[in-house]
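Here is the structure we will look at.
Start at 1 with the first residue, then count along the sequence. Note: hydrogens, waters and symmetry copies are ignored here, and every other heavy atom, side chains too, is used.
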Amino acid sequence: MSFRKDPVRVSATVGGKEYILETGRIATQAGGSVTIQLGGTLVLVTVCSQHLEAERDFFPLTVDYAERMYAAGRIPGNFFRREIGRPSDHETLVSRLIDRPIRPLFPKGLPEDVQVLANVLSSDRENESDVLSITAASAAVMLSSLPFAGPVAGGRIGRIGGQLVLNPTVREMAESDLNLVFAASADALVMVEGEARFVPESDIIAALEWGRQEIQPLIEAQIRLRELAGKPKMEYTAPEDDPALLAKVEKLAEAAGLAESMRVPAKMDRKEARKAVKEKILTALAEDPEYAENAKALASVGEIIGHLEKKVVRRRIIEEGIRIDGRDVRTVRPIAIEPGFLPRTHGSALFTRGETQALAVTTLGSTSDNQMLDSLTGDVTKSFMLHYNFPPFCVGEVKPVRISRREIGHGALAEKALRPILPSADRFPFTIRVVSETLESNGSSSMAAVCGGCLSLMDAGVPISAPVAGVAMGLIKEGENFIVLTDILGDEDALGDMDFKIAGTADGVTAVQMDIKITGLTTEIMSRAMQQAKEARLHILGLMKEAIDGPRPELSPYAPQHEELCVNPDVIRMIIGPGGKNIKNITATTGATVDIEDSGRVCIFAPNQEALIQARDMVLYYDQHAELGKNYDAVVKKVLEIGAIVELMPNVEALVHISQLDTGRVAQVTDVANPGDTIKVKVIEINGDRIRASRKAVLLEEQGIEWNPEDTARPARPPRERRERSDREDRRPRRGRGHADS
């Protein structure tokens, strides 16, 4: 008896490519299981859930994306030769891409612990698996019994030669000036993450709207799959607050000054004011016989107060156009910039915007500091890295110090924003690492990392093409009315409907990231947000220019120094030496890093200028060229009948003819020179690779006798020698036609 049903398969054609969604063949014990295939790339996404025994104040959704190296026929490059437990940064970033669009679509208060796992089982190294995983995750939840306001589908937009391309291949993306990953429902966009090369805002909006329409067949395919193989949805009704308790808390909050507490401009002062209001409300309820013994009611007070705070802030913005800190909806917080803040780093900048502060530090290294990464498409080398840190003290908290997914995501966004302005490796062959330390946080700390990171690059003397700034935009939407907020605070992020981060130069956008808490975002809202963001960006760029008007003309004296040389490829083996002896000696002596290519190109990275000069001289010692008329202390390498072969310098040899060994006649070469002897000679002729030298010339100069350069001519054969040769030629039998005639 077979327990398996026939698999259910649906397909959709998008951008001329066939996408296949299938369920029922593998992983059938999961709550929902879907494979999605495009070309030779196949991803399995599963969803499982279990009922929560205790209530939590957050939705416990876990999303993990994993790439199996066997999917691309590769063996992991780490010591263990297996996919280790900790996900790579890339896997973490894709996990976030899957999580962000589906999380808001689960009903609030759902008492389920939900886990979504995406595993890449096959990769053709051409079709990317990240956007496929977004679609498959939505489909898996659609098939499960979990309530879900989906479906959504994921896609990537590229632009090649001015033409938009949906889900371009890896090869095509290398030619694209746009890389937008998005998720969309049937009606609107729900998530955006991407980078661009100075693309105008209008082009990005048009591209996203085009992509949303193009992706609709994948939405329809999920609906068909759900109709064919979906499980019955569990019954769930979102909990409602007790009307009597809600009215009681609202009345107490008004008396305790909740509205006034939400007008306190400073974050930490506002936090204390809110805390005092909450304590007054809880004290009053504890003294009320109706609620004193009602633990469940008292536990829900915090959430009710949060709803009231949200209501107060949003109403004030809509009715008065005034925000928590007293600004209007378009004003950027006050900005302070201090480039060169740290005395001994290669480049640094302290960027403060309101109560958000980032200390960005740039460090330069050699090509040996490049980061090597395993990936399905092959080994990846990174010469630019941006790391974002968010220590707990920046928000006045006590927590374990660790790198979270959020920190990895914010760092990746800032890295995308700055990457397009960096010089090419040919022009600036350094490895660049930027670290943004968040010292204070009240919203938009990732965009502070962008601004501070750009300033620190300029302070380090990195020749960037143009400055980049970033700003985070928020949204308050009530019905059909909406207000876009420029440069949002942390509370406005929590109480608002959108977090839309936009970074770029004066000419265009370099990075975007959008998350929303409503069902979707219209083109009108996006256009307004983009326009206000551009105004704010230009304002910030103006302040950055006042602080530091372009990159420093020279690198910091504490930064590594770099020089490139071209040597004869034939001397590379001598520079390296037997077993790397010579190159190791150069490195140990100078502290420099020396990279040698087969073409003869030598890159030297030294800790300072003195070490650079020393390393350069040590390398060039093996690639010296003889100079005509210059004296050398030469070592006799070989003795011939006609003279001696001497080594002027490493890999440079010359012939000292017997006639040039002494001022008088020399009967035998060994009378003057033997192997291993050091003799002083003058270079008297250079003819291509052939060099002639003279000891006689040096001796004459030492005796005060003027040396005649014409004396360097090759000696003619003695007359007797020529006569003996003629006699031999006369006695040689004649051949040819004359011989035949005889």
Side-chain angles (χ1 to χ4, degrees), residues 9-23 25-26 33-46 63 65-74 83 88 90-91 93-98 101 116-140 151-161 163-184 191-195 207-208 210-222 225 373-380:
R9 172 182 289 200
V10 298
S11 64
T13 300
V14 178
K17 301 176 182 178
E18 184 183 29
Y19 296 72
I20 300 172
L21 293 166
E22 183 181 278
T23 187
R25 185 187 298 272
I26 61 175
S33 170
V34 170
T35 61
I36 185 168
Q37 183 173 356
L38 173 61
T41 297
L42 185 144
V43 183
L44 166 67
V45 180
T46 60
V63 179
Y65 165 92
E67 294 180 341
R68 307 303 187 193
M69 286 294 118
Y70 61 70
R74 304 190 70 222
E83 291 85 2
S88 67
H90 172 70
E91 289 171 319
L93 294 172
V94 178
S95 298
R96 284 169 53 85
L97 288 177
I98 300 169
V116 175
L117 300 178
N119 292 286
V120 182
L121 303 184
S122 177
S123 172
D124 58 12
R125 304 192 185 191
E126 282 295 317
N127 295 294
E128 295 274 20
S129 52
D130 51 2
V131 292
L132 299 179
S133 300
I134 298 172
T135 301
S138 170
V152 294
R156 170 177 275 104
I157 302 170
R159 189 172 71 170
I160 303 168
Q163 296 296 316
L164 295 176
V165 181
L166 189 66
N167 293 345
T169 64
V170 173
R171 197 173 304 170
E172 289 172 331
M173 278 306 302
E175 303 173 7
S176 177
D177 66 346
L178 195 62
N179 182 4
L180 296 177
V181 175
F182 70 98
M191 186 275 294
V192 176
E193 172 98 26
E195 56 188 312
L208 289 170
W210 173 85
R212 185 192 70 79
Q213 295 176 7
E214 289 289 308
I215 212 74
Q216 291 307 307
L218 287 175
I219 300 288
E220 297 165 4
Q222 292 182 60
L225 190 65
L373 303 172
D374 258 350
S375 78
L376 293 179
T377 56
D379 292 335
V380 176

Whether Thr41 side chain and Asn127 backbone form a donor-acceptor pair below 3.5 Å:
yes
Kindly give the heavy-atom pair with the smallest separation between Pro168 and Arg156, and that separation in Å.
CD-O, 3.6 Å
For Asp374 and Arg74, what are the C-alpha separation, side-chain angles and deciding distance, and is it a side-chain contact (heavy atoms from CB on, under 4.5 Å)?
CA-CA 10 Å; Asp374 258 350; Arg74 304 190 70 222; 3.8 Å; yes
Counting only N and O atoms by type, is there a donor-acceptor contact under 3.5 Å from the side chain of Arg9 to the main-chain atoms of Ile20?
no
So, the side chain of Thr23 versus the backbone of Ser33: is there a donor-acceptor pair under 3.5 Å, distance only?
yes
Closest non-hydrogen atom pair, Leu21 against Ala221
CD1-CB, 4.0 Å
In this structure, OG of Ser133 is separated from CG of Asn119 (nearest 0.5 Å) by 9.0 Å
Between the main-chain N or O of Asn167 and the side-chain N or O of Glu128, is there a donor-acceptor pair closer than 3.5 Å?
no
Taking Arg68 for its side chain and Glu83 for its backbone only, find out whether a donor-acceptor pair lies under 3.5 Å.
no
Check for a donor-acceptor pair, side chain of Thr35 on one end and backbone N or O of Leu44 on the other, with a separation under 3.5 Å.
no
Heavy atoms from other residues, nucleotides or ligands near CD of Gln213 exceed 12 (cutoff 6.0 Å)
yes
If only atom types and distance count, is the side chain of Thr169 paired as donor or acceptor with the main-chain N or O of Glu126 below 3.5 Å?
no
Is there a side-chain contact (heavy atoms from CB on, under 4.5 Å) between His90 and Ser375 once you walk through the steps?
CA-CA 9 Å; His90 172 70; Ser375 78; over 6 Å; no
So, Gln222 side chain and Val152 main chain: donor-acceptor pair closer than 3.5 Å or not?
yes
Nearest 0.5 Å, please: how far is CD1 in Ile157 from CG in Leu208?
5.0 Å
Does any N or O in the side chain of Gln216 come within less than 3.5 Å of the main-chain N or O of Arg212, such that one atom is a donor and the other an acceptor?
yes
Taking the side chain as everything from C-beta on, heavy atoms only, tell me whether Val45 gets closer than 4.5 Å to Tyr65.
no
Got a donor-acceptor contact below 3.5 angstrom from the Gln37 side chain to the Gly39 backbone?
yes
